[in-house]
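Residue numbers start from 1 in every chain, and the chains themselves are labelled A, B, ... in the order their sequence lines are given, proteins ahead of strands.
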Amino acid sequence: MRASEFLLSTLKETPADAEVISHQLMLRAGLIRRIAAGIYTWMPLGVRVLRRVEAIIREEMNSAGGLELSMPVVQPAELWQESGRWEQYGPELARLQDRHQRDFCLGPTHEEIITTIGRNEIKSYKQLPINFYQIQTKFRDEIRPRFGIMRSREFIMKDAYSFHIDQTSLEQTYWRMHQAYTAIFTRLGLDFRPVEADTGSIGGSHSHEFHVLAESGEDAIAFSNGSDFAANVELAAAVAPSPNQSEPEPEPLTPFDTPSVKTIDDLVQQHDIAIEQTVKTLFISGEHDELIALVLRGDHRLNAIKAEKLPGVATPLKMAEEAAVNAAVGASFGSLGPVGLSCRVIVDSSAAVIRNFVCGANKQGAHYRGANWDRDVDGHEVADLREVVAGDPSPCGSGTLEIRRGIEVGHIFQLGTKYSEAMQASVLDEQGKSVPMAMGCYGIGVTRIVAAAIEQNHDDRGIIWPHSMAPFQVALVPLGLEKSTDVAHATENLYTQLTDMGVEVFLDDRKERPGVKFAEMELIGIPVRVTLGDRSLAEGAVEIQGRREADATKIPLADALQNITQRLGVG
RNA sequence: CGGGGCGUAGCGCAGUCUGGUAGCGCACCACACUGGGGGUGUGGUGGUCGCAGGUUCAAAUCCUGCCGUCCCGACCA
């Protein structure tokens, strides 16, 4: 590709409304342009990147036995009513009507369609297992699209759905997909981790998310430094410290005045108490809008997902109003504690092993010292409520946890028979009996991968593409092209040779100053740059510089082709 | 949805308080100089100042309504 026949839409200045680095660089490099909130045009340069990502996904899906198909974006309401999701899905599902006032939606995902295909086309266990996939546009009317393409409303997803005669077969395909995903993200050159994830209301024995590690990630992931264990912090089990040290004698329960204590920090600082000896008490709503007290150690955070899963707790989690707490307990935020409560009390397992703890006295401006479970608090329950923190022992039993942030680019899970039962997708088994098929589903955020790759690979000059997703592999930068026949010849020769080998070359034949060309090639992140100028050609050399390298290396013109292909790992 | 910010040329912004000919930088076009890291100069192109209504001799500016867009948003007792 020649620059003179291409459109580079680079910006010198960063658009004001882009916050994260990938969004800024995607706009500056001219990969995308915003059309509406969470809706973008992919410009020619961006599409080249997308297509390369898609090609890798397609290759790995095909070799893992996937069958590519293409399902409609616009989907009839009837199918969604059948699965029950027309009502369940909520406002994220974009709905529309056709000219006959028939209801449709824009597909946010395709379980309904694929299940329809499955039930119509698959009749016998002999046709199973089978795994379909597509790479296609999805629409989700997000409450708040943000970070450019990272959380957009319209996006491209690779979604796959498998059908099975039983759970065993489902698990086989599930792990095959796990392997395929590992192969895909490895080939894309991303630093990623598969992590155990919430199986949600669907159930199933496994679910894994694939996260690209990046500070700007929206998810927190807990890793063990002593094993392969990795889990979304939403899910990671917190291990309570074992109380096997010399147990202190129980002290008497002693109230003391804390008129200016509003927070745990105040308490710790003003009264010289170790934060590990304090507990905090949060009130949430139960299913019948009654108060439930949750007790955590002062330095721990509530994990809302864990709390929500407790029987009897309102979903989604709802914190109690201050007024309601005050009315029921007789004290307000800042002086609350578990002693003497009449409501249900659930204590985090790490808080439940503290002896002689300090807590609010349920009397305004007062706390207790020397509080002890069982003696002072009756009939409390113990559960895992808190978010894990760095340094916690790993729940797998080996090593301690480290917390990193990640961008979720893939998610695989086992659907079981949820959709096949709701939509009567059954086959005859070996006994001639009709059974609902087990299903799995496997997603990859194709557009999000592009943003994630930039988050992970950039410097102050711009994007640094992994070789496998670069829009062009080599930039040829001739200097003084129109004045020097030497430069012109060397450039054309190299361009032809590389192109003939199937290398994607960007020939910057514009009449721009060298600095402009260098800056733009770096901004758009082409992995290998070859500079051809009279200065080096006089010595029979060209200059080759990898995008991550600080300086160019002079290479004899005769060796240039080999040097380039070596760098690219092709030829 | 709640809170806050912002809408003036493709991008970044000033002008709005205090009404009086719509500006600056980048980009773009032409020419000249320059020619190995976003160069310099001269001259240009491009705007119904988000939309609608109102006040006024006069509105980017004041008033009302609407729209768009960006950021934040349980608790951390």
Side-chain angles (χ1 to χ4, degrees), chain A residues 7-20 23-24 27-28 30 33-39 90-91 143-148 258 261-268 275 278-285 293-305 307-308 314 316-322 325-326 329 331-338 348 358-362 364-365 367 385-387 389 461-462 477-484 487 510-523 529 531-538 542-543 545 550-552 554:
Chain A
L7 177 68
L8 281 182
S9 316
T10 56
L11 301 173
K12 251 192 199 173
E13 284 169 290
T14 303
D17 50 11
E19 283 288 311
V20 297
H23 189 195
Q24 294 174 352
L27 290 169
R28 285 194 53 208
R33 286 290 180 257
R34 192 183 67 77
I35 293 298
I39 297 177
I143 300 179
R144 185 145 91 83
R146 63 180 122 182
F147 304 153
T258 53
V261 168
K262 276 277 159 241
T263 67
I264 288 282
D265 279 347
D266 296 342
L267 181 66
V268 167
I275 197 164
T278 66
V279 304
K280 58 185 173 189
T281 307
L282 283 55
F283 286 85
I284 60 166
S285 296
L294 303 181
V295 184
L296 292 125
R297 212 169 78 178
D299 55 336
H300 287 153
R301 284 170 56 101
L302 176 67
N303 179 322
I305 305 279
E308 247 172 48
L317 193 72
K318 201 174 128 212
M319 302 306 297
E321 303 281 335
E322 183 156 11
V325 173
N326 207 332
V329 179
S332 214
F333 296 172
S335 303
L336 302 174
D348 176 64
V358 176
C359 63
N362 295 331
Q364 207 55 43
H367 280 71
L385 292 177
R386 71 177 172 95
E387 209 146 82
V389 295
R461 294 175 169 185
V477 181
L479 304 181
L481 182 63
E482 60 290 332
K483 287 192 183 155
S484 163
V487 170
R510 296 174 300 168
K511 234 181 128 176
E512 284 289 352
R513 297 172 66 85
V516 174
K517 294 184 178 186
F518 294 152
E520 290 200 327
M521 292 306 103
E522 280 161 355
L523 175 60
R529 186 177 82 211
T531 307
L532 302 104
D534 272 331
R535 199 176 288 181
S536 299
L537 282 175
V542 297
E543 292 146 64
Q545 183 172 0
D551 298 295
K554 275 190 189 164

When you compare [N] with [M], how far apart are their [atom1] atoms, in angstrom units rounded to a whole number?
{"N": "B:rU21", "M": "B:rA58", "atom1": "C1'", "value": "12 Å"}
{"N": "B:rU64", "M": "B:rU55", "atom1": "P", "value": "15 Å"}
{"N": "B:rG50", "M": "B:rA9", "atom1": "C1'", "value": "14 Å"}
{"N": "B:rU16", "M": "B:rA22", "atom1": "P", "value": "15 Å"}
{"N": "B:rA52", "M": "B:rC57", "atom1": "C1'", "value": "23 Å"}
{"N": "B:rG12", "M": "B:rC6", "atom1": "P", "value": "15 Å"}
{"N": "B:rG37", "M": "B:rC71", "atom1": "C1'", "value": "35 Å"}
{"N": "B:rC31", "M": "B:rC13", "atom1": "C1'", "value": "29 Å"}

Over how many whole Å does the gap from [X] atom [atom1] to [N] atom [atom2] extend?
{"X": "A:Leu385", "N": "B:rC75", "atom1": "CG", "atom2": "C1'", "result": "13 Å"}
{"X": "A:Glu512", "N": "B:rG37", "atom1": "CD", "atom2": "P", "result": "14 Å"}
{"X": "A:Glu482", "N": "B:rU34", "atom1": "CD", "atom2": "C1'", "result": "13 Å"}
{"X": "A:Leu479", "N": "B:rG39", "atom1": "CG", "atom2": "C1'", "result": "15 Å"}
{"X": "A:Phe333", "N": "B:rC76", "atom1": "CZ", "atom2": "P", "result": "7 Å"}

Inset, instruction - Measure the CD1-OG1 distance between A:Ile264 and A:Thr278 for me, rounded to the nearest 0.5 Å. - result: 4.0 Å
Inset, instruction - Examine B:rG38: is either OP1 or OP2 under 4.0 Å from a nitrogen or oxygen in the side chain of A:Lys12? Give yes or no. - result: no
Legend entry - Any A:Leu479 side-chain heavy atom under 4.5 Å of A:Leu532 side chain: no
Legend entry - A:Arg146 side chain, from C-beta outward: closest of B:rC71, B:rG38, B:rC75: B:rC71
Inset, instruction - For nucleotides 10-15 of chain B, just jot down a letter per nucleotide in 5' to 3' order: B, S or -, based on protein non-hydrogen atoms under 4.0 Å. - result: -BSS--
Inset, instruction - Could you check whether A:Lys517 gets within reach of a base, just the sugar-phosphate, or nothing at all, counting any heavy atom under 4.0 Å? - result: nothing
Legend entry - N-O pairing of A:Glu19 and A:Arg146 below 4.0 Å: no
